Amino acid sequence: MLEQNFLDKDELQKLFNIAFVGCSRGFVPEARTVFSKILEAVPDHRAARAGLAFTHIVVDDFAPADEILQGLLAEDPDDDDSRGFLVLSKFLQKDSDAVDVAMREFRSLDSAGYRLASSLSEVTR
């Protein structure tokens, strides 16, 4: 496994962070490869699954992103980070009803996911 044989937990987190930043800077195929490789090694790596969803959101490929994020939320309804990404996806799809529903389902108003989602609503005011 990547994590056990090659990278320790901290190194894996750094790799994840690099992939996420790369994706946000336009290196989407490369980031998608990194997230996929992390998931091959650590299939339950929730952050890598969310990162993979983000690689779809940034290129307006919303269906796979929504499927990944809804799966994460089905497994853990308290996952506000995934909920924040789902709000981002629905916001970019201009699906205000889905945004409103997701906004009501946040568990913590202090989570990074909630801050992301609420910043989107600030932009639209």
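Owing to the predicted nature of the structure, the values given are computational and were not obtained by experimental measurement.
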Tell me if the CD atom of E67 is crowded by more than 12 foreign heavy atoms within 6.0 Å.
no

How long is the straight-line distance from [atom2] of [Y] back to [atom1] of [X], given to the nearest 0.5 Å?
X	Y	atom1	atom2	answer
F62	D95	CZ	CG	11.0 Å
I38	L15	CD1	CG	4.5 Å
S96	D100	OG	CG	6.0 Å
S82	I68	OG	CD1	10.0 Å
L92	L120	CG	CG	7.5 Å

Just so I know, are the side chains of [X] and [Y] near enough to count as touching, which here means a heavy-atom distance under 4.5 Å?
X	Y	value
L12	H45	yes
R83	L116	no
F54	L88	yes
S24	V58	no
I18	V34	no
V101	V99	no

| message | Apply side chain to side chain donor-acceptor pair (under 3.5 Å) to residues S89 and Q93 and explain how you reach the verdict. | response | CA-CA 6 Å; S89 177; Q93 294 173 65; 2.8 Å; yes

Check ion pair [X]-[Y] (N to O, under 4.0 angstrom):
X	Y	answer
R115	D110	yes
K14	E11	no
E75	R49	yes

So, the side chain of [X] versus the backbone of [Y]: is there a donor-acceptor pair under 3.5 Å, distance only?
X	Y	result
R46	L72	yes
R107	E105	yes
D80	S108	yes

Tell me whether the centres of the aromatic rings in F16 and F35 are closer together than 6.0 Å.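 Between F35 and F16, which both carry aromatic rings, the centre distance is below 6.0 Å.
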
Please verify the inter-ring angle class for Y114 with F106; under 30° counts as parallel, over 60° as perpendicular, anything in between as tilted.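 Judged by the thresholds at 30° and 60°, the geometry between Y114 and F106 is perpendicular.
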
Give the intermediate values and the outcome of side-chain contact (heavy atoms from CB on, under 4.5 Å) for residues L69 and I57.
CA-CA 11 Å; L69 295 167; I57 292 170; 4.1 Å; yes

- Task: Provide the closest heavy-atom pair for D81 versus G113 in the form atom of the first, atom of the second, distance.
- Result: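 Looking at all heavy atoms of both residues, the closest pair is OD1-N, 3.3 Å.
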
Heavy-atom closest pair, residues C23 and A31:
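Shortest heavy-atom separation between C23 and A31 comes out as CB-CB, 3.6 Å.
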
